[in-house]
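Written below as structure tokens is the structure these notes are about.
Lettering follows sequence order; numbering is per chain, from 1. Predicted model, so just to flag it, every value in this text is computed and none were measured.
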There are 2 protein chains.
Amino acid sequence: MAARAKLSDVARLAGVSTATVSRVLNDNDRVAPELVERVLKAKAELGYRYNSLARGLRTRANAVVGVVIPDVTNPFFTDLVRGIEDLVRENGYLLVLCNTDETAAKEEAYLELLVDQQVAGLVIAPVRSTIEAASFDLAGIPVVAVDRTMNGVDTVTLDNVRGAIAVTSRLLESARRVATITGPLVTTTGSERLVGYRRALSDVGIDFEPELFVEADYSESGGYAAAHRLLALEERPEAIFCGNHAMALGAMRAISEVLDDPSEIALASFEPLPWAADPGGRVVTLAVPSYELGQRAAQMLLERIRGFEGPARSIVVQTELLRTPR
Amino acid sequence: MAARAKLSDVARLAGVSTATVSRVLNDNDRVAPELVERVLKAKAELGYRYNSLARGLRTRANAVVGVVIPDVTNPFFTDLVRGIEDLVRENGYLLVLCNTDETAAKEEAYLELLVDQQVAGLVIAPVRSTIEAASFDLAGIPVVAVDRTMNGVDTVTLDNVRGAIAVTSRLLESARRVATITGPLVTTTGSERLVGYRRALSDVGIDFEPELFVEADYSESGGYAAAHRLLALEERPEAIFCGNHAMALGAMRAISEVLDDPSEIALASFEPLPWAADPGGRVVTLAVPSYELGQRAAQMLLERIRGFEGPARSIVVQTELLRTPR
DNA sequence: TTGAAAGCGCTAACAC
DNA sequence: GTGTTAGCGCTTTCAA
């Protein structure tokens with residue numbers, strides 16, 4: 001019930017100035033050991049906790065990092081967020097979660113609120129890859145782009161092209177007519193995975209057929225609809241490569257609706273499916289280290305927050321072919 | 001690059017005092033319409049955005065709510081978080097995400113950081129149901145408990161007993177030897193679901209058999225191990241009721257390892273399984289409105305933040321039997 | 001209805 | 001090495 005103790009209370013009890021208390025609580029340098037002890041004792045006695053807002057107002061930086069992603073509900077981002085959180089927490093930062101639902105307006109609104117909060121840094125999977133980093137740099141807030149690239153800032157991404165090549169090539173071992181359902185091509189993940197798909201085709205001398213390519217939106221229902229479109233083709237594909245986990249589930253559902261024996265069509269997903277979704281391990285997928293991606297991004301962000309000034313860096317994380325059909 | 005405009009800049013440009021600007025930006029009352037217009041114009045011209053920290057320091061409340069849960073990676077909590085976020089965002093609040101991993105130490109550390117941040121309110125699924133609300137009330141921060149109860153604060157929970165009765169009863173229609181795998185009994189969800197299970201048994205005149213009950217930890221591996229234990233019994237259960245989604249998947253995995261025909265053992269889960277995990281819809285589950293739970297909790301929290309002072313309220317949300325075996 | 005001025009709790013010059 | 005003091009940007013009495 002008692003009002004919270006403040007710095008000056010600690011100072012009074014310890015018989016020193018507020019500046020000394022502040023020094024002890026931050027530097028711990030250049031203060032006589034005896035005073036340090038007295039301050040620490042007073043602090044403990046009063047159960048003192050600093051006021052982040054006051055400190056932030058003064059230092060123009062709050063011990064909070066913002067995470068701006070399309071949707072935590074997507075398992076890829078769920079794990080990514082945990083990767084970020086675990087690392088920033090260890091470093092004393094809180095994490096503000098912002099879901100954009102692939103909406104530029106929400107993204108923008110969130111970015112403003114984060115700037116209002118003077119967040120120490122930002123990890124973002126931007127709605128549009130073309131997003132200008134400049135608007136954040138204005139506020140001087142360090143930014144790391146994750147999963148999707150952004151101009152002028154540190155980035156941590158997957159090797160989408162290589163991954164897509166690996167998956168598609170595997171499908172091509174047992175099928176010739178391989179279709180693909182991609183995410184939005186305005187995202188780097190969408191367009192790069194398409195590039196990989198095409199390259200895998202051309203590597204084995206197969207022409208790209210536009211009718212075997214559908215652009216969807218990374219959602220289950222999007223994948224479902226897209227798969228139905230492919231299944232309605234006069235000449236059905238023998239295999240389908242889906243750009244992410246949700247669309248693969250949607251495609252699975254569509255396939256099981258249309259075919260008596262779903263295994264007639266080989267399926268692949270860039271992201272792994274939950275074990276239970278594919279108990280037989282028939283779906284070709286990549287191991288996508290989302291948690292690690294988050295950790296890497298957080299790591300780079302912390303470095304920037306601590307003052308690292310070098311040019312924008314970019315880390316590309318490899319994926320690995322996970323399961324083999326049959 | 002230009003420094004961010006502050007209140008005094010707006011005041012100068014509009015030719016009024018900072019007090020007037022502040023009034024316009026908050027009340028909008030008792031200010032001459034003409035001045036209001038001038039202030040708004042100046043604000044727009046400068047692209048003024050207030051500084052949350054300065055405001056928070058002054059008003060002792062930051063437009064941020066904390067969400068403290070075991071693990072976002074659990075789909076139940078993922079949806080819950082989205083439910084909270086969507087509502088608080090509409091009301092101008094940011095959401096700080098805190099995963100405790102069922103660890104009291106992490107929970108406590110997070111709570112301190114949240115108090116340091118002067119968060120406006122808190123939604124928490126406490127590690128221990130016995131947690132004292134008093135420590136938060138000290139700081140005068142409104143708290144809403146969700147999924148798990150807590151003394152003295154608003155709570156939003158599921159009707160665990162009714163739900164467990166419904167699920168167990170359904171299993172009892174076609175089986176007599178029904179086992180259960182519960183979560184930790186120190187959580188209300190764990191113990192209440194066990195109560196429901198026992199009540200369903202006694203309703204049909206079956207005695208509770210201790211060997212058919214295993215307490216696990218809500219994890220996939222926990223459910224897996226527990227199921228193996230049940231399957232190793234001399235007299236195997238004919239059905240298993242799992243306290244949550246993850247343990248049900250674990251049990252499924254165990255069952256498919258031990259039995260040639262997994263459908264010999266009926267399975268139920270308190271929480272729904274992803275469509276793909278159970279395409280045949282054989283598993284008995286409840287529809288658990290986690291998103292709605294989050295919205296309700298956020299709703300109550302916002303009311304408290306706005307000054308509602310009544311006694312602690314408690315909302316119990318009903319679940320609904322979702323799928324029927326066969 | 002409006003403005004002047006006093007802080008919210010902290011840090012960082014600057015003096016000693 | 002330590003204390004004094006001036007703000008960080010905002011809200012809110014208190015006068016006018």
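- In this structure, A/Ala19 reaches the bases: a heavy-atom distance under 4.0 Å links it to at least one base atom across the strands shown.
- Between A/Glu192 and A/Arg148 there is no salt bridge, since none of the side-chain N atoms of the basic residue sits less than 4.0 Å from a carboxylate O of the acidic one.
- In this entry the distance linking CZ of A/Arg30 with C1' of D/dG3 reads 15 Å, nearest Å.
- For the pair B/Thr59 and A/Thr59, nearest-nucleotide mapping onto DNA chain C gives the more 5' position to B/Thr59.
- Rounded to an integer number of Å, the gap from A/Arg23 CZ to D/dG1 P is 11 Å.
- At whole-Å resolution of the value, CG in B/Asn62 and C1' in D/dC10 are 13 Å apart.
- Around the CD atom of B/Glu90, the shell of radius 6.0 Å holds more than 12 heavy atoms that belong to other residues, nucleotides or ligands.
- Between B/Arg296 and B/Asp154 there is no salt bridge, since no side-chain nitrogen of the basic residue lies less than 4.0 Å from a carboxylate oxygen of the acidic one.
- Rounded to a whole Å, the CG atom of A/Leu53 is 13 Å from the C1' atom of D/dC8.
- Here the C1' atom of nucleotide D/dT11 and the CG atom of B/Leu57 are 10 Å apart, to the nearest Å.
- The side chain of B/Arg58 places no N or O atom within less than 4.0 Å of a non-bridging phosphate oxygen (OP1 or OP2) of D/dC8.
- As a whole-Å value, the separation of A/Leu25 CG from C/dT11 P is 7 Å.
- At least one side-chain nitrogen or oxygen of B/Tyr48 sits closer than 4.0 Å to the OP1 or OP2 atom of D/dC10.
- Contact check, A/Asn26 against C/dT11: a side-chain N or O comes under 4.0 Å of OP1 or OP2.
- Salt bridge absent: B/Glu37 and B/Lys41 never bring a charged side-chain N and a carboxylate O closer than 4.0 Å.
- Taking only distance into account, the side chain of B/Arg4 never meets the base of D/dG9 through a donor-acceptor pair shorter than 3.5 Å.
- Comparing D/dT4, D/dG9, C/dG3 by their closest approach to the side chain of B/Lys6 singles out D/dG9.
- Residue contacts shown for A/Leu35 are limited to sugar-phosphate atoms, with no base heavy atom under 4.0 Å away.
- The side chain of B/Arg60 places an N or O atom within less than 4.0 Å of a non-bridging phosphate oxygen (OP1 or OP2) of C/dG9.
- Residue A/Arg55 has a polar side-chain atom (N or O) positioned under 4.0 Å from OP1 or OP2 of C/dT11.
- Considering only side-chain N and O atoms, A/Thr20 lies under 4.0 angstrom from the phosphate OP1 or OP2 of D/dG3.
- When rounded to the nearest whole Å, the span between CG of A/Leu46 and C1' of C/dG9 equals 15 Å.
- Side chain of A/Asp71 to main chain of A/Thr73: a donor-acceptor pair is present (N/O by atom type, distance under 3.5 Å, no hydrogens or angles).
- Residue A/Arg12 contributes atom CZ, which lies 12 Å from atom P of C/dG9 at whole-angstrom precision.
- When distances are taken from the side chain of A/Leu7 to each of D/dT2, C/dC10, D/dT13, the shortest belongs to C/dC10.
- Out of D/dT12, C/dT2, D/dG9, the shortest distance to the side chain of B/Ala54 is found at D/dG9.
- With salt bridges taken as basic N to acidic carboxylate O contacts below 4.0 Å, one links B/Arg12 and B/Asp9.
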